[in-house]
S.K.: 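Please read through the structure below; I'll follow up with questions.
Only heavy atoms go into these numbers, but all of them, side chains included; no hydrogens, no water, no symmetry mates. Owing to the predicted nature of the structure, the values given are computational and were not obtained by experimental measurement.
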Amino acid sequence: TFCCHTPLLVFFLTRDHVQAMQERKALHTLLAKQQEDLPPRRMKDSYLEVILPLGSQPEIREKYLNVHNSVRFGRILEDLDSLGVLICYTHTKQEMQPKSPLSIVTALVDKINLCKRIIYPDCDIKFTGSVSWVGKTSMEVKMHMLQLHDGDYSPVLDATFVMVARDPENKGPAFVNPLVPESPEEEEIFNQGELNKLKRIDFSTASLLKMAPTAEERNIIHDIFLNTLDTRTVSFRSRKLPPNSVWMEDTKLKGLQICHPQERNIFNRIFGGFLMRKAFELGWAIACSYGGSRPFIVSVDDIMFQRPVEVGSLLLLSGQVCYTEKNYIQVRVHTEVYDADTRDHHTTNIFHFTFISENEVPRVVPKTYGGKKDDFLLEHWLF
């Protein structure tokens, strides 16, 4: 029965997608020809508050509950992604347009910092946020999460996302409303958004695939090599693990996710929030296995969405510990899609998660040239 009805199911799913895309084609006429044609917006114009009623509606709690009787952080990542998109649509909304011609997609998670280890599953959560910086076709969104305790909302995390606007069919960039700061505080927030953009550009050029290590990096790489050299043989191939250390390559864990239609958006592609949740859960498992105790998420850094994930793809996840210091564990998760027809692999995302363990953890030691370079960059960037 399953085999007989599968083609019929695929037909209906495809038909719904094709129909939706046909309807969106007509929205091209609503796009602005230049940014100057769009009215400026204020930060408060896009400000939103959303309540997640975990305390007042227990039926919602089950979806967010983990085995440690706290909130699943992967679900929070999904909520932040959805809220970021909603804030951007609020910023770009035109009163005379019943439907937005823009397609808002997540380009980058710049930073998420947590100030609390535990998020309680039986207390309401409040999300707030607004657009904090605008380019021609991109928007930076700052969001905050608070949780209700004894009648007051206390801060839990701050998040910065970068979203981009695309045309109705998600085939090319589209202009967004400019942002006008109204106070010195807002000007400072806006200028920080501009600095964040420049930092991202500078960091992207520091890849080992684009430029050689600096003199300082070369010295650190050489010191790591000398510390792992077997003095009995003095050979490049003979390496010795220092005390209380683990080879980076021995920290790897992998996962596979079949991308079902349940997690798709209107463009027949997988939601970014779903990808973040799956990557985080693998990263948490790696930190738990490495530290030997329950890890707590401290920050999320530099999640790059390099290409979309199509429905039906095989999503391959691979993660490893790439830096440690005292109780801190830095985990990098790499995701790629596998095309069973062409047997091609394409990178879709790179995630960086920082955890803190209950106990001090062994030092992770890279063996390869690329591993040493990544270790140095992460050490000086995050700590």
Side-chain angles (χ1 to χ4, degrees), residues 41 43-50 52 73-93 100 102-115 125-146 155-166 170 173-174 176-177 179 186 189-201 203-204 265 267 269-280 283 297-309 333 335 348-354 382:
R41 296 282 193 255
M43 290 187 185
K44 64 182 180 183
D45 292 333
S46 62
Y47 178 80
L48 290 179
E49 287 189 3
V50 178
L52 178 60
F73 186 70
R75 292 293 189 193
I76 298 300
L77 289 176
E78 288 184 300
D79 291 342
L80 289 172
D81 185 60
S82 298
L83 178 61
V85 172
L86 182 58
I87 289 171
C88 289
Y89 274 122
T90 304
H91 173 83
T92 58
K93 182 180 180 181
S100 175
L102 301 179
S103 304
I104 306 294
V105 297
T106 307
L108 175 74
V109 177
D110 195 313
K111 192 83 170 177
I112 301 176
N113 285 327
L114 289 92
C115 56
I125 288 173
K126 179 166 68 173
F127 295 97
T128 68
S130 63
V131 172
S132 54
W133 173 88
V134 168
K136 291 288 186 181
T137 62
S138 59
M139 294 165 280
E140 181 187 89
V141 179
K142 287 194 177 298
M143 293 172 284
H144 311 280
M145 175 179 153
L146 307 95
V156 176
L157 65 80
D158 299 313
T160 303
F161 281 47
V162 177
M163 324 296 285
V164 295
R166 310 277 291 174
N170 197 17
V176 298
N177 301 68
L179 182 65
E186 289 189 356
I189 293 172
F190 187 90
N191 291 336
Q192 184 59 53
E194 187 66 30
L195 290 176
N196 291 341
K197 173 189 174 182
L198 297 176
K199 287 179 181 178
R200 289 191 291 269
I201 294 174
F203 186 76
S204 67
N265 58 23
F267 307 108
R269 290 167 176 168
I270 301 301
F271 282 111
F274 174 78
L275 300 176
M276 286 194 282
R277 173 161 64 90
K278 289 300 178 182
F280 170 79
I297 184 69
V298 174
S299 68
V300 181
D301 309 271
D302 193 35
I303 298 178
M304 297 176 287
F305 290 83
Q306 298 186 9
R307 62 188 299 155
V309 177
V333 177
T335 62
T348 59
N349 302 85
I350 299 174
F351 305 82
H352 295 101
F353 303 105
T354 303
L382 294 169

S.K.: Give me the ring orientation class for Phe190 and Trp133: parallel if the planes are under 30° apart, tilted from 30 to 60°, perpendicular past 60°.
M.R.: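 If you compare the ring of Phe190 with that of Trp133, the planes turn out tilted.
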S.K.: Going through the checks in order, is the side-chain contact (heavy atoms from CB on, under 4.5 Å) test met by Phe73 and Leu157?
M.R.: CA-CA 11 Å; Phe73 186 70; Leu157 65 80; 3.8 Å; yes
S.K.: Using side-chain heavy atoms (C-beta onward) and a distance below 4.5 Å, is Val134 in contact with His91?
M.R.: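 In contact.
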S.K.: Nearest heavy-atom pair of Val176 and Gly135: which atoms, and what distance?
M.R.: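 Closest heavy-atom pair between Val176 and Gly135: CG2-O, 4.1 Å.
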S.K.: Determine whether Met276 and Glu78 make a side-chain contact, defined as any pair of heavy atoms from C-beta on separated by less than 4.5 Å.
M.R.: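 Side-chain contact under 4.5 Å: no.
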S.K.: What distance do Ser130 atom OG and Glu140 atom CD have between them, rounded to the nearest 0.5 Å?
M.R.: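 Result: 10.0 Å between the selected atoms.
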S.K.: I need the Ile87 CD1 to Phe127 CZ distance, nearest 0.5 Å.
M.R.: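 So the gap between those two atoms works out to 10.5 Å.
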S.K.: Could you grab the distance from atom CG of Leu179 to atom CD of Glu186, nearest 0.5 Å is fine?
M.R.: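 Reported value, rounded in 0.5 Å steps: 7.5 Å.
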S.K.: If every non-hydrogen atom of Pro308 is compared with every non-hydrogen atom of Arg269, which pair is closest and at what distance?
M.R.: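 Result for this residue pair: CB-CD, 3.4 Å.
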S.K.: So which heavy atom on Phe305 is nearest to which on Gly272, and how close?
M.R.: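 Reported closest heavy-atom pair: CE2-CA, 3.7 Å.
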S.K.: If you measure from OG on Ser299 to NZ on Lys111, what distance do you get to the nearest 0.5 Å?
M.R.: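 Answer rounded to 0.5 Å: 4.5 Å.
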S.K.: Is the closest side-chain heavy-atom distance between Ser138 and Met163 below 4.5 Å?
M.R.: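 Not touching, per the 4.5 Å side-chain cut-off.
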S.K.: A side-chain contact here means heavy atoms from C-beta on lying under 4.5 Å apart; do Leu77 and Arg277 qualify?
M.R.: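 Answer no - side chains too far apart.
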S.K.: Considering only heavy atoms from C-beta outward, does the side chain of Thr92 approach that of Met139 to under 4.5 Å?
M.R.: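 A side-chain contact under 4.5 Å exists here.
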S.K.: Indicate the atoms forming the closest heavy-atom contact of Ile112 with Phe161, along with that distance.
M.R.: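 Between these two residues, the closest heavy atoms are CD1-CE1, 4.0 Å.
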S.K.: Quick one: CD on Glu49 to CG on Leu83, what's the gap to the nearest 0.5 Å?
M.R.: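 Those atoms lie 10.5 Å apart.
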S.K.: Evaluate the side-chain proximity of Thr354 to Asp301: yes if any heavy-atom separation is below 4.5 Å, no if none is.
M.R.: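 Yes, close enough: below the 4.5 Å cut-off.
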S.K.: Quick one: are Val309 and Phe274 in side-chain contact, heavy atoms under 4.5 Å?
M.R.: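 Result no, sub-4.5 Å side-chain heavy-atom pair not found.
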S.K.: With side-chain hydrogen bond (donor to acceptor under 3.5 Å, both in side chains) as the test, would you mind laying out the steps for Thr335 and Thr348 before giving the verdict?
M.R.: CA-CA 6 Å; Thr335 62; Thr348 59; 2.8 Å; yes
S.K.: Which heavy atom of Ala107 sits nearest to which heavy atom of Val164, and what is that distance?
M.R.: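 Scanning both residues, the minimum pair turns out to be CB-CG1, 3.8 Å.
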S.K.: Are any side-chain N or O atoms of Arg41 and backbone N or O atoms of Lys93, one a donor and one an acceptor, separated by less than 3.5 Å?
M.R.: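 Yes.
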S.K.: If you compare all heavy atoms of Ser132 against all heavy atoms of Lys142, which two are closest, and at what distance to 0.1 Å?
M.R.: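 Reported closest heavy-atom pair: OG-CG, 3.4 Å.
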S.K.: I need the Gln192 CD to Thr160 OG1 distance, nearest 0.5 Å.
M.R.: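 Between atom CD of Gln192 and atom OG1 of Thr160 there are 8.5 Å.
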